Amino acid sequence: MQFYSTNSQNKKVDLKDAVLKGLAEDNGLYMPEQIPVLDQSFFDDIQNKSLQEIGYEVLKPFFCPDIPEADFKALVDDALNFEIPVVEVSRNKYALELFHGPTLAFKDVGARFMARILSNFVSGQEKEINILVATSGDTGSAVANGFYKVPGINVFVLYPKGLVSEVQEKQFTTLGENITAIEVNGTFDDCQRMVKQAFLDKELNEKLVLTSANSINLARLLPQSIYYHHAYAQLRAKGIENDIVMCVPSGNFGNITAGLIAQLMGLPVKRFIAATNINDIVPKYLESGKYNPAPSKATIANAMDVGDPSNFVRILDLYGAKHKVVSQKVEGYSYTDEDIRDVMKKTDADFGYVLDPHGATAYMALEDGLKAGEVGVFLETAHPTKFPEVVEPEIGRKLDVPERLQAFMKGERKSIQMDATVEKLKAFLMK
Ligand SMILES: *Cc1c(COP(=O)(O)O)cnc(C)c1O
């Protein structure tokens, strides 16, 4: 399959180019030249298929034969090494629990896939790929863990000294092997500037293959379609197959874009709901047809604090930029921190289910948006123990920390100290 840029439909690139470049030269985002429609027999029998089988069938049209089918099958099996269960929270409302991966957040899925896809591209080549990633916390941990011990790839995580939480820091400074943590004497913006300048540095790029693991990369986006199909499979196994509404807590809108792609591939979802915090640029667009990006505002669901969602252009592209069509496909709801706190408290008290602040916005949007006869699935994108300072006061008790998170906390923290200049980064990488 070929891929075009959202800024120019007629200049197409192959999979390898799209993945290695990430962003198109004209600053557009890559899109598949067509969205394949899966055979009805796939859906009729989907309840009997495993997560890995579904993953392979759904992604094969995009990634094969650029990646040979046998290699791709092994890659899918290796990437999807954790469960993604559907759990009933209350009547007709189900959580799709995406937090059973290594860093307890849904970004594990995309990061694990991207690492293995890149690794496949470099296998047999002399040059290794060097991933540079600036992080304010969560991206660094998902990328570092997703790429951990993947052959042919080195990861350099730049993070601002003293400005990420202890749990987040432990998740990328304790791994070692092919993961190097760089503690920058500066802010997140400094880290991001250093990475950007490194990508533009001629000498550095002649010597090393440098790539970003940014969330706009197709190799992170497309694999997220898998779990929408897997959620449907699990509902079908319970005898539910109609009037399914999927609700996605959204920041950069990559996750929901993958859901919309799944629907275009034939997945029978009746409609989508996008839930946001007070950064409600897209819900406002859905209502008014006007897209007005704004500086992001800080909230307790901070992975969704985005004022100009990067994947919004992909959603427009999917529906020919027609507001009327987009607003028929997606409904938007937005919530304040107070709303989010209330629903975490209430859902624990009434149903014994502890939501994280992101999943909580989506649960609330189902409560507000679900109509009689519909069944709702909301994406629970992170484990609540990732946000103890927000969740614990609402539920009035300490949360049990899952073992894999405890294991990180016991690890030894190792990082390279660096002043916030690209010269220092360059000198380090050239060695
Ligand atoms: C990144 C993130 C989101 C938002 O996902 P997008 O694809 O950017 O819309 C939601 N919840 C959590 C926990 C996240 O880490």
Side-chain angles (χ1 to χ4, degrees), residues 29 84 95-114 133 135-146 164-165 167-168 171-172 213-228 246-262 272-283 285-286 293 296 299-315 330 332-335 340 344 354-365 378-388 390-391 405:
L29 271 56
I84 307 181
L96 179 62
E97 293 187 345
L98 288 157
F99 53 69
H100 296 275
T103 73
L104 299 90
F106 86 99
K107 290 188 177 73
D108 284 331
V109 175
R112 290 181 66 79
F113 264 95
M114 181 174 171
V133 56
T135 187
S136 55
D138 266 355
T139 304
S141 51
V143 169
N145 283 274
V164 305
S165 80
V167 183
Q168 288 171 329
Q171 287 183 323
F172 53 77
N214 199 294
S215 67
I216 55 172
N217 199 295
L218 273 180
R220 281 184 62 178
L221 180 89
L222 293 172
Q224 295 176 351
S225 298
I226 296 170
Y227 43 72
Y228 291 91
M246 302 255 189
C247 182
V248 188
S250 297
N252 269 317
F253 282 70
N255 206 0
I256 197 169
T257 300
L260 295 167
I261 290 174
F272 280 86
I273 298 178
T276 71
N277 55 33
I278 52 170
N279 294 283
D280 58 355
I281 312 304
V282 174
Y285 161 82
L286 293 169
S296 68
T299 76
I300 56 170
N302 59 13
M304 312 194 315
D305 294 350
V306 181
D308 187 5
S310 53
N311 283 287
F312 181 68
V313 290
R314 282 194 165 120
I315 296 180
V330 187
Y333 287 89
S334 68
Y335 297 98
I340 297 169
M344 288 192 296
V354 182
L355 294 161
D356 98 290
H358 307 82
T361 64
Y363 181 79
M364 214 171 344
F378 70 98
L379 275 58
E380 193 23 304
T381 46
H383 194 286
T385 50
K386 290 197 91 171
F387 309 94
V390 179
V391 178
L405 200 53

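Atoms within each ligand, like the ligands themselves, are counted from 1 in listed order. Keep in mind that this is a model prediction, so the values were computed, not measured.
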Test your reading of the model: is there a side-chain donor-acceptor pair from Asn145 to the backbone of Ser141, 3.5 Å cut-off? yes
Pairs under 3.5 Å, N/O atoms on ligand 1 and on the protein: can you put them in a table with the distances?
{"residue": "ligand 1", "atom": "7 (O)", "partner": "Gly254", "partner atom": "N", "Å": "3.2"}
{"residue": "ligand 1", "atom": "7 (O)", "partner": "Asn255", "partner atom": "N", "Å": "2.9"}
{"residue": "ligand 1", "atom": "8 (O)", "partner": "Asn252", "partner atom": "N", "Å": "2.8"}
{"residue": "ligand 1", "atom": "9 (O)", "partner": "Gly251", "partner atom": "N", "Å": "2.8"}
{"residue": "ligand 1", "atom": "9 (O)", "partner": "Asn252", "partner atom": "N", "Å": "3.3"}
{"residue": "ligand 1", "atom": "9 (O)", "partner": "Phe253", "partner atom": "N", "Å": "2.9"}
{"residue": "ligand 1", "atom": "11 (N)", "partner": "Thr381", "partner atom": "OG1", "Å": "2.8"}
{"residue": "ligand 1", "atom": "15 (O)", "partner": "Lys107", "partner atom": "NZ", "Å": "2.5"}

Within the distance-only criterion (no hydrogens, no angle test), does the side chain of Ser334 pair as donor or acceptor with the backbone N or O of Ile278 below 3.5 angstrom? no
Consider side-chain contact (heavy atoms from CB on, under 4.5 Å). Of Asn255, Leu260, Leu221, which one does Asn311 pass it with? Leu221
Examine Phe378 together with Tyr363 and report whether their ring centres are nearer than 6.0 Å. yes
Indicate the atoms forming the closest heavy-atom contact of Lys386 with Pro388, along with that distance. C-CD, 3.3 Å
Under a 4.5 Å cut-off applied to non-hydrogen side-chain atoms, are Ile84 and Val109 in contact? yes
